[in-house]
Amino acid sequence: MGRMPIYKLKFVSHKEEIMRKAASNTILKSSLAIIIAGMALVSASAIASSVEEGKKLAFDRKQGNCLACHMIEGGISPGDIGPPLIAMKARFPDRAKLRAQIYDATAANPESIMIPFGRHKALSDAQIDSIIDYMYTL
Amino acid sequence: MKQSLLITALLGILGTLPMTAQATPAEDVQTYRDFFMKRFPGVPLEEFANGVYSIDQVSRDSWEAIEEFPPYEPSIEDGEAMWNKAFANGKSYSSCFPDGPAIMGKYPHWDDGKGMVMTLPLAVNNCRTANGEKPLKYAKGSINKLLSYIGYESRGQVTNVGIPNAAALAAYEDGKQFYFARRGQLNMSCSHCHMQQSGRHLRTDVLSPALGHTTGFPVYRSKWGGQGTLHRRYKGCNKQVRAKPFKPQGEEYRNLEYFMTHMNNGIAINSPSARK
């Protein structure tokens with residue numbers, strides 16, 4: 001079992017994920033298998049918590065506040081300045097492209113009103129990564 | 001990524017308005033006005049004086065209900081009392097403003113003697129200090145009462161800001177540059193929100209068109225729980241993008257007011273007013 005694709009974690013919270021993994025672990029007999037499963041658990045839950053963090057940042061008015069301009073599933077009273085953030089995996093298969101849009105939208109569109117979150121240090125690199133992890137669940 | 005037609009059209013406008021230093025102020029007024037009349041077809045020029053309520057029926061309904069019992073009404077009365085009350089030296093505002101309180105339409109203007117843009121709040125405080133009175137604060141507080149009275153008495157006067165000479169033109173150009181300059185950590189200009197995205201939602205706020213922005217001040221704002229001057233609003237909009245606000249009545253905001261008010265030439269004063 002390899003790294004779990006993040007889009008499969010869509011409706012699974014951090015805690016549920018750990019419990020599900022723990023349950024499946026009990027039926028594994030070989031200690032090797034337990035070690036491997038343990039490694040998968042760590043990486044999958046790390047991503048799950050990054051997704052949670054990314055969502056928090058995207059909704060928080062004092063942080064990413066992406067909702068101010070974008071419709072995002074589950075977000076209350078979104079703005080309509082930018083396009084709805086949907087089907088991100090299909091529309092942004094290249095993670096670097098998505099990162100570039102969030103890091104500095106004015107590089108692609110000099111007139112963009114979107115905040116150059118990375119270039120202006122409104123969000124840290126780690127925070128942007130969390131937001132991207134979250135975006136890929138949309 | 002494909003740009004929408006709207007953004008492409010906007011790029012044209014935003015590209016020419018700030019860039020063409022050769023465009024005369026009168027041409028700027030035309031470009032600016034055309035932009036908003038095209039963006040909000042069917043909205044008469046006069047209506048833009050009502051800010052966001054000129055373009056958003058939902059918020060207009062509650063605003064019309066508020067205007068039945070205007071929250072700024074007591075201020076007009078208090079302002080009238082201030083206008084009539086004698087200074088300690090026995091004189092009063094009418095010694096500085098012999099034409100009476102209906103003078104808002106004369107401001108801002110280029111003051112050649114002082115070599116600067118003269119605004120109404122500044123003229124009020126010049127009058128006070130010349131008569132040995134303490135100046136009033138420029139953003140909140142009782143200056144709004146006096147301005148409400150003067151505004152009310154000036155209702156119907158048509159904005160007609162002139163740019164009489166090269167020094168005035170330089171102040172105008174300075175204000176125009178301010179309007180289109182990106183600012184703050186969030187990197188936005190006034191024109192981003194009030195031209196490029198006007199009419200759209202920033203979360204729940206509908207962004208008002210810039211056209212008409214100066215005619216209704218001071219405004220009573222529910223969010224403030226009181227009144228504020230135009231420069232108080234400037235400070236708020238600067239802070240919103242995490243930019244350091246400038247001093248109310250400092251040169252930057254006075255020149256900005258000069259540019260913005262000139263853009264509203266032809267629109268009647270409807271001060272004071274109420275906003276959510």
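Just so we're on the same page: letters track the sequence lines, and every chain starts at 1.
- Heavy atoms of A:Arg119 lying under 4.5 Å from chain B belong exclusively to its side chain.
- Applying the side-chain contact (heavy atoms from CB on, under 4.5 Å) test between A:Ile81 and each of B:Gln197, B:His201, B:Gln196 identifies B:Gln197 as the sole match.
- Remark: B:Leu202 CG to A:Asp80 CG distance equals 9.5 Å, nearest 0.5 Å.
- No more than 12 heavy atoms of other residues, nucleotides or ligands lie within 6.0 Å of CD in B:Glu251, so this atom counts as exposed by the packing criterion.
- Side-chain atoms of B:Arg203 and A:Arg61, non-hydrogen and from C-beta on, do get closer than 4.5 Å to each other.
- Identified under the salt bridge (charged side-chain N to carboxylate O under 4.0 Å, His left out) test for residues 46-56 of chain B, with sequence neighbours left out: B:Glu47-B:Arg60.
- A distance-only check finds a donor-acceptor pair linking the side chain of A:His120 to the backbone of B:Gln185 [under 3.5 Å].
- Between B:Arg242 and A:Lys62, the closest heavy-atom pair is NH2-O, 3.2 Å.
- By the 4.5 Å heavy-atom criterion applied to side chains, A:Ile113 and B:Met188 are counted as neighbours.
- Contacts between A:Ser112 and chain B at a heavy-atom distance below 4.5 Å involve the backbone alone (N, CA, C, O).
- Every residue meeting the ring-ring contact (aromatic ring centres under 6.0 Å, His included) condition with B:His213, not counting sequence neighbours, appears here in chain and number order: B:His194.
- No more than 12 heavy-atom neighbours from other residues, nucleotides or ligands sit within 6.0 angstrom of CD on B:Gln177.
- Counting all heavy atoms, side chain and backbone alike, A:Glu111 lies closest to B:His192 at O-NE2, 3.3 Å.
- Minimum interatomic distance between B:Leu186 and A:Ile115 (heavy atoms only, all atoms of both residues): O-CG1, 3.7 Å.
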